[in-house]
A.B. asks: 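The structure follows.
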Number of protein chains: 2
Amino acid sequence: MTGTGSRTSSPTLDEVAVLAGVSRATVSRVVNESPRVSPEAREAVHAAIAHLHYVPNRAARSLVTRRTDTIALVLSESDTMVFSDPFFASIVRGVSAAIAETELNLVLLSARDAREQEKVGRYARQGHVDGVILMSLHREDPLPDILTAAGVPLVFCGRPFDGRPVAYVDADNSGGGVLATEHLLAAGRRHVATVTGPMDMIAGVDRFAGYRTALERAGRPQRPEHVAHGDFSEAGGARAMTELLERAPELDAVFVASDPMAVGALRALRGAGRRVPDDVAVVGFDDAEVAAACDPPLTTVAQPLADMTPLLTELLLRQIDGVAETAESRICPTRLVARASA
Amino acid sequence: MTGTGSRTSSPTLDEVAVLAGVSRATVSRVVNESPRVSPEAREAVHAAIAHLHYVPNRAARSLVTRRTDTIALVLSESDTMVFSDPFFASIVRGVSAAIAETELNLVLLSARDAREQEKVGRYARQGHVDGVILMSLHREDPLPDILTAAGVPLVFCGRPFDGRPVAYVDADNSGGGVLATEHLLAAGRRHVATVTGPMDMIAGVDRFAGYRTALERAGRPQRPEHVAHGDFSEAGGARAMTELLERAPELDAVFVASDPMAVGALRALRGAGRRVPDDVAVVGFDDAEVAAACDPPLTTVAQPLADMTPLLTELLLRQIDGVAETAESRICPTRLVARASA
DNA sequence: GACGTTGATGGAAGCGCTCTCACTTTTTCG
DNA sequence: CGAAAAAGTGAGAGCGCTTCCATCAACGTC
């Protein structure tokens, strides 16, 4: 505790009360829009507030209300990923928009490494936020346990690995994987490979599961050399595609578990002289903006982000307001968007 | 104020004091690491804290200390931009890392539209944060005024438009523009065009100024048809490059004011059948990761981000601690990174 | 051995706000 | 016209914490 800063001390509720000629309680009522205030008092208070540029001190209010009116969106991912994958942008934008409708504030917290995760945990436990939305969870992430233990209202963006009873919203990833794979099969493709997401993320696991389910239903063999693991990044997608071409040159279709990876795969295919969709059909996942823009336009599985982000927010607010009975969760349907690549 | 939530009320300082058999004052001293506590008392308190899982209530502490130990990094930009331009990622990562060294928390706030700007302003005035780093400022952004009026310690990432006396850190953008343009000139290029950044951002303006300065120094005419305005995005860069090729087909070099735009420009040039660097030399700005990876590798102007982000943090902390005399600011030198594109 | 010193500790006063409760005034209705 | 209900208001008790100040024990010092 070195200095004091030069912040001119702002006016308090008392000063407003004195100026308005009423009691502190009345000022508080006006500020909190209680209906039981006479119009005259209300006006006097408003005038005083305007005159003094009064702004309520949040710490004092929080101390008694036990609320901060801010929620955190925690990005549990390397920021290279966060800032390059359009999926994150979409979620942030969507949640942000949903929160903007309310009186709440939204803060973004990054939790890339153990140290930052610890800080986020402390931040939440200290009562800085009323609730947390956790996204991009990896299998071993300690944050779910930390935050659950802290008793903070919590919603996951994405199904949790263990079946823990927690509120979450997710796209139907496995259903989407089935959709994509069946689309390829229905087009008469014989050798359908896949570039999966990271296997320590549920979206990676579930989309892969969908691929396998579809093959199984079609009575097709699952060949290990048709599976390469990516990391949801464009570079990773290119790498995995190259690997696949080496191991299984006969492939004529590939389900790539994210659009950025699909862009990389497209590049790798072009580099290898394969034409899309003539030689190899490609289906991506996400329906990111880039999907429609790339060459050829990418057939992909769309997630209903427009539904998911408000839902995420709603579930959290319900928990905060204490009206959520049990941990609710929602799986949102995915749909295939057919374009030229498959 | 509907419900109460089910958060089990956490233990207070008093309870710790009772359990440890000391006074509240002593517990507070231990928590705040005051040296004037006997080892026995300290140990007893630590034991009690561990036993109760005590976490200090931040609101109560802030109320008296007038500090929150959190600072905000405000992204005053559309999130499409934020999430696609690697420059943002670098700043966020750098500041994040610098903050991680300290006891402070970092929150990211988005301020895309007037409504969000208002919220950010309120958030700061209500005392949620000890200081603010403002980045990606556009000319008409109201946030600087709002935050200055709020008396919040403030550092700009980027020189302010007006010469207001405010702390800021910026790269030497105009110097970088000179560097890039002179490099092109020195290579014997006769018709050096430029794709600028947005003219409502200081980085766009300054880099363009550098381009003009270099032409002037070399005694070359400044031709309006050699200037096209971009928006720092890849698509914008491609668009501007196309425009340039139409207006000034004779051009044999172009200074593109950001790497993402340069990638777009490279694409446009390839599309138009121009070879780089044979027909047209290209210099970018930022030295983003993509610069080394693209084809051909991009000659670009590097910003010393590794210096800038700690500086940004340091300047802010100094203000918060009240040791900053006046508004300090720093311009960090840029340097040319020569690669194949020019 | 009386004295100031030093170090450790607890009592208590707030920080700025909310909210219960009691009080006064006004309205309503039998 | 009186009693009950409703409406508006203020006093005051905290919320959990820090910190000033007083206290007290243990320590040299002459």
Side-chain angles (χ1 to χ4, degrees), chain A residues 1-5 7-46 48-49 52-69 125-128 130, chain B residues 1-5 7-46 48-49 52-69 125-128 130:
Chain A
M1 303 298 145
T2 40
T4 62
R7 199 154 168 183
T8 54
S9 68
S10 44
T12 69
L13 212 165
D14 293 74
E15 300 173 42
V16 174
V18 170
L19 183 60
V22 298
S23 71
R24 294 211 311 282
T26 298
V27 176
S28 178
R29 288 189 193 100
V30 172
V31 170
N32 293 298
E33 297 179 335
S34 154
R36 356 208 99 242
V37 181
S38 68
E40 306 84 59
R42 188 188 313 279
E43 197 164 326
V45 170
H46 276 143
I49 286 175
L52 295 171
H53 297 297
Y54 169 74
V55 179
N57 177 316
R58 221 36 191 260
R61 176 194 290 229
S62 292
L63 188 52
V64 21
T65 61
R66 264 69 234 297
R67 300 217 8 183
T68 61
D69 293 335
R125 270 193 320 233
Q126 287 174 337
H128 274 287
D130 294 342
Chain B
M1 305 295 147
T2 39
T4 62
R7 199 153 168 182
T8 55
S9 68
S10 45
T12 70
L13 214 166
D14 293 73
E15 299 174 41
V16 175
V18 169
L19 183 59
V22 298
S23 71
R24 294 212 309 281
T26 298
V27 176
S28 178
R29 287 188 195 101
V30 171
V31 169
N32 293 298
E33 296 179 338
S34 154
R36 355 210 98 242
V37 180
S38 68
E40 307 83 61
R42 188 187 314 280
E43 197 163 327
V45 170
H46 277 142
I49 286 175
L52 295 171
H53 298 296
Y54 169 73
V55 179
N57 176 316
R58 223 35 192 261
R61 176 194 288 230
S62 293
L63 189 53
V64 23
T65 61
R66 263 69 231 297
R67 300 211 17 176
T68 61
D69 292 337
R125 271 195 317 237
Q126 288 175 337
H128 274 288
D130 293 343

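Every chain is numbered from 1, with letters handed out A, B, ... down the list of sequences. Since the model is a prediction, treat every value here as computed from it, not as a measurement.
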A.B. asks: Rounded at 0.5 Å granularity, tell me how far CZ in A:Arg66 sits from OG in B:Ser10.
C.D. replies: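 One finds 6.5 Å between CZ of A:Arg66 and OG of B:Ser10.
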
A.B. asks: Contacts to DNA chain C from residues 15-25 of chain A, heavy-atom cutoff under 4.0 Å, which residues?
C.D. replies: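 Residues of residues 15-25 of chain A that come under 4.0 Å of DNA chain C are, in numerical order, A:Arg24, A:Ala25.
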
A.B. asks: Using the side-chain hydrogen bond (donor to acceptor under 3.5 Å, both in side chains) criterion, which residues pair with B:Thr12? Sequence neighbours excluded.
C.D. replies: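 Per chain and number, B:Thr12 pairs via side-chain hydrogen bond (donor to acceptor under 3.5 Å, both in side chains) with no residue.
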
A.B. asks: With sequence neighbours left out, which residue pairs that include part of residues 32-44 of chain A fulfil the salt bridge (Lys or Arg N to Asp or Glu O under 4.0 Å) condition?
C.D. replies: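 Applying salt bridge (Lys or Arg N to Asp or Glu O under 4.0 Å) to every pair that reaches into residues 32-44 of chain A, excluding sequence neighbours, yields nothing.
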
A.B. asks: Nearest-Å distance, CG (B:Asp14) to C1' (D:dC15)?
C.D. replies: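 Distance, rounded to whole Å: 11 Å.
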
A.B. asks: Using a cut-off of under 3.5 Å, enumerate the N/O to N/O pairs linking the protein to nucleotides 4-7 of chain D.
C.D. replies:
none

A.B. asks: Between D:dG16, C:dT9, D:dG14, spot the one nearest the side chain of B:Val64, thanks.
C.D. replies: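 Nearest nucleotide to the side chain: D:dG16.
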
A.B. asks: Round to the nearest Å and state the distance from A:Arg61 atom CZ to C:dC17 atom P.
C.D. replies: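 Computing the A:Arg61:CZ to C:dC17:P distance gives 9 Å.
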
A.B. asks: Respond yes when some side-chain nitrogen or oxygen of B:Arg66 is under 4.0 Å from OP1 or OP2 of C:dG16, and no when none is.
C.D. replies: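 Answer is yes, contact under 4.0 Å.
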
A.B. asks: A:Val37 near the nucleic acid: base, sugar-phosphate alone, or nothing, with a heavy-atom cut-off under 4.0 Å?
C.D. replies: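 A:Val37: backbone/sugar contact only, no base atoms under 4.0 Å.
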
A.B. asks: Calculate, to the nearest 0.5 Å, the distance between atoms OG and CG belonging to A:Ser62 and B:Leu63 respectively.
C.D. replies: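 That separation rounds to 10.0 Å.
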
A.B. asks: Side chain of A:Arg29 only, heavy atoms from C-beta on: which candidate in C:dT18, D:dG16, D:dT9 is closest?
C.D. replies: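 Shortest atom-to-atom distance from the side chain points to D:dT9.
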
A.B. asks: For DNA chain C, whose closest nucleotide is more 5', that of A:Leu63 or that of B:Ser38?
C.D. replies: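 This one resolves to B:Ser38.
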
A.B. asks: May I ask you to verify if any side-chain N or O of A:Ser62 is less than 4.0 angstrom from the OP1 or OP2 atom of C:dC17?
C.D. replies: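 Checking C:dC17 against A:Ser62, no side-chain N or O comes under 4.0 Å of OP1 or OP2.
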
A.B. asks: Let me check something: any side-chain donor-acceptor pairs from residues 17-26 of chain A under 3.5 Å, sequence neighbours excluded? List them with distances.
C.D. replies:
| unit_1 | atom_1 | unit_2 | atom_2 | d |
| --- | --- | --- | --- | --- |
| A:Ser23 | OG | A:Ala25 | N | 3.4 |
| A:Ser23 | OG | A:Thr26 | N | 3.3 |
| A:Ser23 | OG | A:Thr26 | OG1 | 3.4 |

A.B. asks: How bent is the helix from C:dG1-D:dC30 to C:dG30-D:dC1, comparing axes over its five end pairs at each side, to the nearest 10°?
C.D. replies: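 About 40° separates the two local helix axes.
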
A.B. asks: Roughly, in whole Å, what's the span from CZ in A:Arg67 to C1' in C:dC19?
C.D. replies: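 Atom CZ in A:Arg67 sits about 16 Å away from atom C1' in C:dC19.
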
A.B. asks: In chain order, what residues pass the side chain to side chain contact (heavy atoms under 4.5 Å, CB included) check against B:Val31, with sequence neighbours excluded?
C.D. replies: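 In terms of side chain to side chain contact (heavy atoms under 4.5 Å, CB included), with neighbours along the sequence ignored, B:Val31 is linked to B:Val27, B:Ile49, B:Tyr54, B:Pro56, B:Arg61.
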
A.B. asks: Side chain of A:Thr65: nearest nucleotide among C:dT18, D:dC20, C:dG14?
C.D. replies: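 So the nucleotide nearest the side chain must be C:dT18.
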
A.B. asks: Please give, in whole Å, the distance from D:dT18 C1' to B:Glu33 CD?
C.D. replies: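 That distance rounds to 15 Å.
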
A.B. asks: How many whole angstroms separate atom CD of B:Gln126 from atom P of C:dC17?
C.D. replies: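 These atoms are roughly 11 Å apart.
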
A.B. asks: For the side chain of A:Leu13, counting heavy atoms from C-beta on, which of D:dG8, C:dG16, C:dC17 is nearest?
C.D. replies: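 Nearest to the side-chain atoms of A:Leu13, counting from C-beta on, is C:dC17.
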
A.B. asks: Touch check for A:Thr12, heavy atoms < 4.0 angstrom, all strands: base, sugar-phosphate only, or nothing?
C.D. replies: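 Touches sugar-phosphate only.
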
A.B. asks: Of the options D:dC15, C:dG16, C:dT18, whose atoms approach the side-chain atoms of A:Ala60 most closely?
C.D. replies: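 Looking only at heavy atoms from C-beta outward on A:Ala60, the closest nucleotide is C:dG16.
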
A.B. asks: Taking CG from B:Asn57 and C1' from D:dT18, how many angstroms apart are they, rounded to a whole number?
C.D. replies: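 These atoms are roughly 13 Å apart.
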
A.B. asks: Look up atom NE2 in A:His128 and atom CG in B:Asn57, then write down how far apart they are to the nearest 0.5 Å.
C.D. replies: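 Separation between the atoms: 9.5 Å.
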
A.B. asks: With the side chain of A:Thr26 defined as its heavy atoms from C-beta on, choose the nearest nucleotide among C:dC15, D:dT9, C:dC17.
C.D. replies: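 When the side chain of A:Thr26 is considered, D:dT9 is the closest of C:dC15, D:dT9, C:dC17.
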
A.B. asks: If you take all heavy atoms of A:Asp130 and A:Thr68, which pair is closest and at what distance?
C.D. replies: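 Of all heavy-atom pairs spanning A:Asp130 and A:Thr68, the closest is OD1-N, 2.8 Å.
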
A.B. asks: Measuring to OP1 and OP2 of C:dT18, would you say a side-chain N or O of A:Asn32 lies under 4.0 angstrom away?
C.D. replies: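 Looking at the OP1 and OP2 atoms of C:dT18, one of them is under 4.0 Å from a side-chain N or O of A:Asn32.
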
A.B. asks: What distance do A:Arg67 atom CZ and A:Arg58 atom CZ have between them, rounded to the nearest 0.5 Å?
C.D. replies: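 So the gap between those two atoms works out to 9.5 Å.
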
A.B. asks: For B:Ala41, which contact category applies under a 4.0 Å heavy-atom criterion: base, sugar-phosphate, or nothing?
C.D. replies: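 Touches sugar-phosphate only.
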
